[in-house]
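Everything on this sheet refers to the single structure shown next.
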Amino acid sequence: MRRVLIVAVLIIGAAILGLWRSQGGVRQSLSRAVGASSDDSQGDLREEIRKSFELQPGARVEVQGINGSVEIQTSDTKTAEVYVLRTANSRDSLTRREVVIEQTANGLLVKGKEARHAGVWEHIFGRNPNEQVTIKAPRQIALALKGVNGRVSSGDIDGPVEARGINGKVELGQTSGSVEISGINGKISVGLRQLDDSGVRVSGVNGGIELRLANGLNADLTAKGMNGNVRSEIPEVTVDKQDHGSGYSARIGSGGSLITISGINGNVRLVRGDTTASSSVSSDKKVAASEKAERPAAEVKGAKSSQ
């Protein structure tokens with residue numbers, strides 16, 4: 001009986017040792033948790049990917065499933081240059097995911113996905129690598145950004161733009177075409193130069209929205225389901241609020257394509273297209289400070305009236 005117990009202990013010990021050696025990420029995570037140093041930690045591991053493709057005017061450029069920031073730089077060119085930087089704290093973490101870059105029948109696809117099946121221990125203690133994607137692309141494209149865990153930005157786009165499922169701030173240059181934005185956890189700033197019949201649809205946003213409107217833009221705006229307000233910083237654009245509920249409307253220029261906004265937890269600002277992001281942030285802070293300064297006065301007034 002004793003011999004059987006010894007054999008069982010040896011088998012279990014070997015299994016635990018094998019698991020421990022195969023899970024470098026677990027070892028490092030536990031070391032960090034107890035404040036111990038790791039002998040095999042020599043800074044971030046890096047992997048760089050560079051590819052270039054020729055694109056036809058109007059080609060679809062789609063980026064999806066990226067665990068990190070995405071930047072689209074546009075110019076008058078016919079070539080798309082893709083640069084991906086992947087970093088991780090261990091080889092196991094770096095090989096856990098991969099970024100696929102391929103030319104499709106109608107454009108370009110950059111997609112992050114799992115490269116291998118992760119075990120239970122790795123799911124609990126492991127970390128996904130960080131992925132930073134930079135694409136230098138033609139201005140005349142159809143841009144689609146989906147499932148990005150990080151900040152997203154783009155230059156000017158002559159074509160439709162779609163952004164869905166973004167966990168981070170979204171900053172888009174001047175767009176000409178249609179815009180569809182949904183499922184965003186972060187602030188949004190988008191430029192609108194010219195709209196087609198599809199117009200603009202924004203829904204399900206946890207954050208403030210800034211619409212930078214170009215001179216000469218004609219559109220009709222409606223907003224509903226707002227936990228916030230809609231205000232215009234453009235003298236010739238007036239925002240009307242419904243007497244009941246949280247609905248807003250505005251006519252831009254002579255009216256035209258629809259800008260539909262719904263399900264927003266934050267404020268919507270209408271500004272001219274030349275307003276920079278930094279000035280927008282400054283303006284938000286001034287409004288917030290003004291509202292905060294006025295609040296105590298209103299409370300004191302209410303207290304006096306109740307006496």
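This one's a predicted model, so the numbers in the text were calculated from it and none came from an experiment. In this chain, residues are counted from 1 in sequence order.
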- Ser154 side chain near Val161 side chain, heavy-atom distance below 4.5 Å: no
- Same cluster for Ile261 and Ile234 if Ile/Leu/Val/Met/Phe/Trp/Tyr side chains link at under 4.5 Å? yes
- Item | Minimal non-hydrogen separation, Ala163 against Ile184, with atom names | O-CD1, 4.1 Å
- Message: Has Asn128 got a side-chain atom pairing as donor or acceptor with Arg96's backbone, closer than 3.5 angstrom?
- Response: no
- Query: At their closest point, which heavy atom of Leu172 faces which heavy atom of Arg212, and how far apart are they?
  - Reply: O-NH2, 2.8 Å
- Side-chain contact, heavy-atom cut-off 4.5 Å: Arg60 with Thr104? no
- Message: Looking at Arg231 and Val239, would you say the former's side chain and the latter's main chain have a donor-acceptor pair under 3.5 Å?
- Response: no
- Query: Hey, is Glu102 close enough to Lys51 for a salt bridge, meaning N to O under 4.0 Å?
  - Reply: no
- Item | Ser176-Arg193 side chain donor-acceptor pair, cut-off 3.5 Å | yes
- Task: Please check if the side chain of Asn218 supplies one atom and the backbone of Ser254 the other of a donor-acceptor pair under 3.5 Å.
- Result: yes
- In Å and rounded to the nearest 0.5 Å, what is the OG to CZ distance from Ser182 to Arg164? 4.0 Å
- For the pair Asp220 (side chain) and Arg251 (backbone), establish whether a donor and an acceptor sit closer than 3.5 Å, ignoring hydrogens and angles. no
- Decide if atom NZ of Lys146 counts as having more than 12 heavy atoms of other residues, nucleotides or ligands within a radius under 6.0 Å. yes
- Message: Just checking Lys241: does its NZ atom have more than 12 heavy atoms from other residues, nucleotides or ligands closer to it than 6.0 angstrom?
- Response: yes
- More than 12 foreign heavy atoms under 6.0 Å from CD of Gln56: is that the case here? no
- Message: Looking at every heavy atom in both Thr77 and Pro138, which two are closest together, and how far apart are they?
- Response: O-CB, 3.0 Å
- Message: What's the separation between atom CG in Leu192 and atom OG in Ser257, rounded to the nearest 0.5 Å?
- Response: 10.5 Å
- Do side-chain atoms of Ser249 reach the backbone of Leu221 as a donor and acceptor pair under 3.5 angstrom? no
- Task: Taking all non-hydrogen atoms of both residues into account, name the closest pair between Ile264 and Gly204 and its distance.
- Result: CD1-N, 4.4 Å
- Query: Quick one: CD1 on Ile188 to CG on Leu211, what's the gap to the nearest 0.5 Å?
  - Reply: 9.0 Å
- Query: Within the distance-only criterion (no hydrogens, no angle test), does the side chain of Asn267 pair as donor or acceptor with the backbone N or O of Asn229 below 3.5 angstrom?
  - Reply: yes
- Message: Tell me whether Glu162 contacts the main-chain N or O of Glu180 through its side chain, where contact means a donor paired with an acceptor under 3.5 Å.
- Response: no
- Which atoms form the tightest heavy-atom contact between Val205 and Val202, and what is the distance? CG2-CG1, 3.8 Å
- Could you state the interatomic distance from CZ (Phe53) to CD1 (Ile101), rounded to the nearest 0.5 Å? 6.5 Å
- Message: Tell me if a side-chain donor or acceptor on Arg272 pairs with a main-chain N or O of Ala214 at a distance below 3.5 Å.
- Response: yes
- Task: Starting at CD1 of Ile259, measure out to CD1 of Ile252 and round the result to the nearest 0.5 Å.
- Result: 4.0 Å
- Query: For the side chain of Arg86 and the backbone of Leu94, is there at least one donor-acceptor N/O pair under 3.5 Å apart?
  - Reply: yes
- Message: Please determine whether the number of non-hydrogen atoms from other residues, nucleotides or ligands lying under 6.0 Å from atom CD of Gln194 exceeds 12.
- Response: no
- Side-chain heavy atoms under 4.5 angstrom apart, residues restricted to Ile, Leu, Val, Met, Phe, Trp, Tyr: same cluster for Val268 and Val237? yes
- Determine whether Val190 and Val170 make a side-chain contact, defined as any pair of heavy atoms from C-beta on separated by less than 4.5 Å. no
- CZ (Arg50) and CG (Leu85) are apart, to the nearest 0.5 Å, by 9.0 Å
- Do Ile49 and Ile135 sit in the same hydrophobic cluster, where Ile, Leu, Val, Met, Phe, Trp and Tyr count as joined when their side-chain heavy atoms come under 4.5 Å apart? yes
- Find out if a path of hydrophobic residues (ILVMFWY) with successive side-chain heavy-atom gaps under 4.5 Å connects Leu109 to Val152. no
- Query: Do you know the tightest heavy-atom contact between Ala59 and Leu55?
  - Reply: CB-CB, 4.1 Å
- Taking the side chain from Asp158 and the backbone from Arg139, do they hold a donor-acceptor pair closer than 3.5 Å? no
